[in-house]
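Beneath this line is the structure, given in structure tokens, with notes to follow.
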Number of protein chains: 2
Amino acid sequence: MSLGMALEDYIETIYLLGGEKGAVRLTDIARRLNVRKSTVVDALKRLQEQGLAIHERYGDVMLTQKGVELASRVYERHITLYRFLSDVLGVDDVTASREACDLEHFVSSNTTSRLKKFLEFFNQCEKLKDLINTEFKEFLVYGRIPSICEKKEVKMITLKELKTGEEGVIKKVGCDASIRARLLAMGLVPGERVKVAKIAPMGDPMDIIIKGYHLSLRKDEAKCIEVELE
Amino acid sequence: MSLGMALEDYIETIYLLGGEKGAVRLTDIARRLNVRKSTVVDALKRLQEQGLAIHERYGDVMLTQKGVELASRVYERHITLYRFLSDVLGVDDVTASREACDLEHFVSSNTTSRLKKFLEFFNQCEKLKDLINTEFKEFLVYGRIPSICEKKEVKMITLKELKTGEEGVIKKVGCDASIRARLLAMGLVPGERVKVAKIAPMGDPMDIIIKGYHLSLRKDEAKCIEVELE
DNA sequence: ATGATATGTTAGATTAATCGAACAATCAAG
DNA sequence: CTTGATTGTTCGATTAATCTAACATATCAT
């Protein structure tokens, strides 16, 4: 019952025009979408049948609650695609915009949310952003993988084996469910950098620093946390 | 004249079935696309009119040269999208495959080639791959940006100012066109790591190592190359 | 070689999306 | 209040993509 891509375009357009200037006129829609007015009348009729829009003869066009919901979902897909094409792939604005218009009707909500997450990650992870904005862009032009891409050799050991003053990045928290939950809750999640501050005489407990906070860990716990040394 | 998405699906299907088992039968196409045989007859007629396929009554279906070209272009888009959805975003196989089928009809060749480049970069740049496969996947689950993402403070200086034994990553080759071309040709491209091996008594020339090769650079040249220190 | 089964074709109908042409309502400016 | 200009509606037609039902041809197995 997914409405067909043309109709999706109509609600999206109504939604956007509504935001730009209160009352939406049929003619505005026609102009925006480059179709004849008669076509719009038809579309509006079908939209009305689906309970998505309201349009009384010679009157303004409005979206119903349901219509607004659908429209904003479609629009979100549009924006997400646009941002990805433009910011990550570096596609020019016009193409990105036009293409997002077509693609928006076909990306699933699962993919959309992953793409959104990806963009969020992209925007917050300086390292990624840098890699894309400089190295990838260079790659697009020169076609060669910069040596900065090479992965440095890494050693995997458990947190227990780290010595005082050493640092590592958590790769896996492999403990039993209950312990694991507690450790994760304390901030010991994969990807975090840990540093050993001090180790008690008997090697138990050990004092570690993560995200600036001190934590005390027992040998048993440290044993099942895998870390990566640079 | 871009053929309509349904017809694109037909040639793509014929192309793939042809690869799987020599002769392509109308029924195979119908089964694969989940449509009635009569629908396929119709599609085939239109494909024939466009000079993309050949189908004689009760005979096998074949693509013309032109048909094969178009089909492989569509298929390439499909594969590219599939790989991106699956490998980078981590969308499950079934969804990725289904979605690629829809999207393939709308991505421009410009976007496709950028996406291909992106995947190529992704596959060859260990650092990126790692970032996506571990940190991004973690982010999808835990929703937090790992500290590994933080960009280390970098100092930008010119290559001339590096001392013997020091290393840096080339960020920009800002020399005049002719010198620039020569430097780039020697492998001094942005993204590469350089190390200073030796500096002659008067500071000119300097001996650097890039990608394992020694190069000799004059002060003038080194002066306009910006490098980043870690 | 002769049916039964699988394959292929035709014809007629439907639905979504469009168009153009002709007609109808509204409104703003005298 | 009349009258263009603008805006909106109706109608009939077209195209792509589908379907169902009925009919036609091939092929394989005995």
Side-chain angles (χ1 to χ4, degrees), chain A residues 1-14 17-18 20-63 67 70-71 74 98 101-102 104-106, chain B residues 1-14 17-18 20-63 67 70-71 74 98 101-102 104-106:
Chain A
M1 68 130 301
S2 67
L3 204 39
M5 63 186 282
L7 285 193
E8 270 189 5
D9 276 337
Y10 286 104
I11 20 171
E12 194 187 7
T13 302
I14 296 165
L17 287 172
E20 290 166 22
K21 42 198 253 18
V24 179
R25 243 63 240 306
L26 183 150
T27 308
D28 304 329
I29 304 173
R31 245 197 301 275
R32 184 65 70 96
L33 289 175
N34 262 303
V35 294
R36 296 303 166 166
K37 290 177 294 180
S38 57
T39 311
V40 179
V41 174
D42 226 84
L44 253 22
K45 199 175 297 155
R46 269 174 296 135
L47 243 27
Q48 185 132 249
E49 280 163 13
Q50 309 263 341
L52 296 165
I54 297 165
H55 176 224
E56 24 192 289
R57 297 181 108 251
Y58 299 98
D60 290 344
V61 179
M62 276 169 307
L63 293 181
L70 214 184
V74 174
R98 191 160 32 68
C101 266
D102 290 333
E104 71 191 7
H105 308 293
F106 299 97
Chain B
M1 71 130 304
S2 68
L3 202 41
M5 65 185 281
L7 285 193
E8 270 189 5
D9 275 338
Y10 286 102
I11 21 171
E12 193 188 7
T13 303
I14 295 166
L17 287 173
E20 289 167 20
K21 43 197 253 19
V24 179
R25 242 63 238 309
L26 182 152
T27 307
D28 303 328
I29 304 173
R31 246 198 300 275
R32 184 65 70 96
L33 289 175
N34 263 304
V35 295
R36 296 304 167 164
K37 289 177 293 177
S38 56
T39 311
V40 179
V41 173
D42 228 82
L44 253 21
K45 199 175 297 155
R46 268 174 297 134
L47 244 27
Q48 185 132 248
E49 279 162 14
Q50 310 263 341
L52 296 165
I54 297 164
H55 176 225
E56 26 191 288
R57 299 179 109 251
Y58 299 100
D60 290 345
V61 179
M62 276 169 306
L63 293 180
L70 213 185
V74 174
R98 190 160 32 67
C101 267
D102 289 334
E104 70 191 7
H105 307 293
F106 300 97

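The model shown is predicted, which means the values in this text are computed figures rather than measured ones. Letters A, B, ... mirror the listed sequences (proteins, then strands); counts begin at 1.
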| message | It should be established whether A:Y10 places a side-chain nitrogen or oxygen under 4.0 Å from OP1 or OP2 of nucleotide C:dT18. | response | yes
A:D60 CG to C:dT26 C1', in whole Å, measures 13 Å
Picking from C:dT18, D:dA21, D:dT9, the nucleotide nearest the side-chain atoms of A:Y58 would be D:dT9
By nearest-heavy-atom nucleotide on DNA chain C, the more 5' of B:D42 and B:V24 is B:V24
message = So, OP1 or OP2 of D:dG8: does either fall under 4.0 Å of a side-chain N or O from A:H55?
response = no
Under 4.0 Å between any heavy atoms, over every strand shown, what does A:V40 touch: base, sugar-phosphate, or nothing? Just pick one. nothing
Here the distance between atom C1' of C:dT26 and atom CD of A:E56, to the nearest Å, is 15 Å
With sequence neighbours left out, the residues meeting salt bridge (Lys or Arg N to Asp or Glu O under 4.0 Å) with A:R46 are A:D42
To the nearest angstrom, the CD-C1' distance between B:E8 and D:dA17 comes to 15 Å
Problem set entry | Within-4.5 Å side-chain heavy-atom neighbours: A:L3 and A:L70 | yes
Rounded to whole Å, the NZ-C1' distance (B:K37 to D:dA24) equals 11 Å
Whole-Å distance, A:L44 CG to D:dT7 P, equals 16 Å
Side-chain contact check for A:T39: nearest option of D:dT10, C:dC19, C:dT9 is C:dC19
Discussion item. Please check this pair: side chain of A:R25 against backbone of A:G59, looking for a donor-acceptor N/O pair closer than 3.5 Å.
Written reply: yes
Polar contact flag, side-chain donor to acceptor under 3.5 angstrom, B:H105-B:D9
yes
The residue among B:V61, B:L52, B:V40 that forms side chain to side chain contact (heavy atoms under 4.5 Å, CB included) with B:Y10 is B:V40
Checklist entry - Does A:R25 have a side-chain nitrogen or oxygen under 4.0 Å from the phosphate oxygens OP1 or OP2 of D:dG8? => result yes
- Task: For D:dT18, take OP1 and OP2 only and decide whether either is under 4.0 Å from a side-chain N or O of B:R36.
- Result: no
B:L26 CG to D:dT25 C1', in whole Å, measures 13 Å
(Q) For a quick test of reading the model: is some side-chain N or O of A:T27 closer than 4.0 Å to OP1 or OP2 of D:dT7? (A) no
Quick note, B:V35 side chain, CB onward, closest among D:dC19, C:dT9, D:dA17 is D:dC19
Counting only distance, no hydrogens or angles, is the base of C:dG20 paired donor-acceptor with the side chain of A:S38 under 3.5 Å?
-> yes
Taken to the nearest whole Å, CG/B:N34 to P/D:dA17 is 17 Å
Between CG of B:D28 and C1' of C:dT7 the distance, given in whole Å, is 10 Å
